[in-house]
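Contents: one structure, followed by commentary.
Below, chains carry the letters A, B, ... as their sequence lines are ordered, and counting in each starts from 1. Only this structure's heavy atoms are used, side chains among them; waters, hydrogens and symmetry mates stay out.
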Amino acid sequence: MDGLVGIVIAPLQYGFMLRGLAASVMVGIVCATVGTYVVLRGMAFFGDALAHAILPGVAVGYLVSGSARGPLFWWALGTAILTALGIGAVGKEAKIKEDTAIGIIFAAMFALGIALISRTQSYAVDLAHFLFGDVLGVSAGDLALTAAFGGLVVLTVVALYKEFLVISFDPILAATLRLPSSLLHYLLLALIAITIVVSLQTVGIALMVAMLVTPAATAYLLTRRLPLMMALAAFLGATSGVIGLYLSYYASIASGAAIVLVCSAFFLLAVLFAPGRGVLTNRRAKPSQ
Amino acid sequence: MSETKSPFRRRHAPHEVGAPILEVVDVSVRYNGRQALDNVSFRLTKGERVAVVGPNGAGKSTLFKVIAGVLDPAEGEVRVAGHCPGGHICIAYVPQRNDVDWNFPVTVADVVMMGRVGRMGLLRHSGRRDWAFVKRCLDTVGLADLADRQIGELSGGQQQRMFIARALAQEAELMLMDEPLTGLDVASQESIFHILDTLRAQQVTVMVATHDLNMAAARFDRVMLLNKRLFGIGPAAEVFTPDRLRAAYGEHLRFVETENGIMLLSDTCCGGGDH
């Protein structure tokens, strides 16, 4: 046992590891909470696109403020919220299908971001940093921002639990109850945007969608109660963050990739062994109707 | 009623004394340039039970959505208890079974509780009184035992009863049910009619879209024959005449002349409830 304890404790002597763990746990919880609605409403592509679409914002912030990291958060936040609301509006008004519109906006924004960053001298390094995250480079200030905005997101989801539930399960009921459906929809898009920005440094743009979708999907396979699904997803997200970071420390794997791989492993286990519903544990055929 | 004073509370339209529960005046709806409803007018009195029949694509769901205030008509006007439907939270729409995600992680009680959301106000979570209310609604439809089941575990009839319970939780005075009887066995249909009888005693007005002309004639106060425009509303004997049916259904309905008169060979669309 001494060996195991040693394995767990050894990395904790480094400040960067402690901060990285704190960030991963918070990001795991926030992403999974919001991700529950992303999964239930079928918005995975929107989440993926939004993560990519904030690159130009980050790039402009980076070019304007030099190497200072602080302002990047705000640039990313502004871009994310604007893009989220923009995509939301396009989806409602446009003559083309929503996923096509998202595809166009997402690729255009991403290309703009790459173009901007390619003007810098350390192009490859900078781009890799934004794409894949750098959880071990999290500062105390970053942590405070993550905690503040992540907390805001989780609180909002909890406070508006019944409203988000109704607009997700039955939009017509929401309309007959005269809930402000559009407002709630845009608010949810904004919450997803904030979540992505908060998680940017931990997992990076390219793997963001996994943090939003995978723990929530795993929880979906394990329970059919929404509050439980949210709690379980948050737990799985946070746990994956911790395990992934240790994996990264000992096996010298990129931290974002390690975290996502752990999430995916949990999902695979759930697919195979979910009680009564797993591939290997299915006790009945598909229920009729 | 458990209403709290909250700055976010929405004001709801009062019910005008003497005004009919539902009045539809010259309503037309167009979808992408195609006419979905054409100049439909009628009125319902409180506590009435009306069947809406017509072929697929006749605009039954569209009519319900206009009445519920979910869809705005291109022309005309809908008045519920004297006011436009958008101000009311007393109109319940029971969706078609295919339009519901039965894998959604909610229980039967959760779905019924959703009906209370309009009465609870923003930022308030459901309390003990809300759950007691939900319990009473579930008792009325005989689903109290299944309150904690995930909704996908229900049978077709139970699913419909759950949505009726949700309408009760909403304290609905006008209920719009979109093909609730399709695909149900006779016993399940009977249990739904039994519940509708209790609703009638509470003066709840019910409109039911159905493909079953037989049942429409036998179990409803009035029937409405719809195919984009209104081909008649009234007692089945007056509305279901061969001429009107032929006009509304066109090729979708076959008539056979027999010695005893004309026999109707059912609505050919979309089966489910047809035998």
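Highest contact tally toward chain A, considering only Lys65(B), Met113(B), His125(B), is held by His125(B) [criterion: heavy-atom pairs under 4.5 Å].
Under the 3.5 Å distance criterion, the side-chain polar atoms of Arg178(A) are matched with a main-chain donor or acceptor of His88(B).
By a heavy-atom distance cut of under 4.5 Å, Val158(A), Ala159(A), Leu160(A), Tyr161(A), Lys162(A) are the residues of residues 148-162 of chain A near chain B, going up by number.
Between the CD atom of Glu163(A) and the CE atom of Met120(B) there is a distance of 7.5 Å, given to the nearest 0.5 Å. Within the model, atoms OG1 of Thr223(A) and CD of Gln150(B) stand 9.0 Å from one another, a figure rounded to the nearest 0.5 Å. The distance from atom CD1 of Ile67(B) to atom OG1 of Thr176(A), rounded to the nearest 0.5 Å, is 13.0 Å. Of the inter-residue distances, the one linking Thr107(B) atom OG1 with Leu226(A) atom CG reads 10.0 Å to the nearest 0.5 angstrom. Within the model, atoms OH of Tyr220(A) and CG of Asn103(B) stand 4.0 Å from one another, a figure rounded to the nearest 0.5 Å. Rounding to the nearest 0.5 Å gives a distance of 9.0 Å between CG of Asp170(A) and CG of Asp99(B).
Using a 4.5 Å cut-off between heavy atoms, Gln170(B) touches chain A through its side chain atoms alone. Contacts between Ser168(A) and chain B at a heavy-atom distance below 4.5 Å involve backbone atoms as well as side-chain atoms. With a 4.5 Å cut-off on non-hydrogen atoms, Leu71(B) does not touch chain A at all.
One finds no salt bridge joining Asp148(B) and Arg225(A) here, because no Lys/Arg side-chain nitrogen approaches an Asp/Glu carboxylate oxygen to under 4.0 Å.
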Listing, residues 188-197 of chain A side-chain donor-acceptor contacts under 3.5 Å, not counting sequence neighbours, or none:
| unit_1 | atom_1 | unit_2 | atom_2 | d |
| --- | --- | --- | --- | --- |
| Thr195(A) | OG1 | Leu191(A) | O | 2.7 |

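Annotation for Leu165(A) and Phe104(B): closest pair CD1-CE2, 3.6 Å, computed over non-hydrogen atoms. Scanning both residues, Leu177(A) and Val117(B), for their nearest heavy atoms gives CD1-CB, 4.1 Å.
The shortest distance between side-chain heavy atoms of Pro105(B) and Leu40(A) falls below 4.5 Å.
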| message | Between Val100(B) and Phe169(A), is the side-chain contact (heavy atoms from CB on, under 4.5 Å) condition met? List the steps. | response | CA-CA 8 Å; Val100(B) 176; Phe169(A) 177 69; 3.9 Å; yes
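When the shell of 6.0 Å around NZ of Lys135(B) is examined, it contains 12 or fewer heavy atoms from other residues, nucleotides or ligands.
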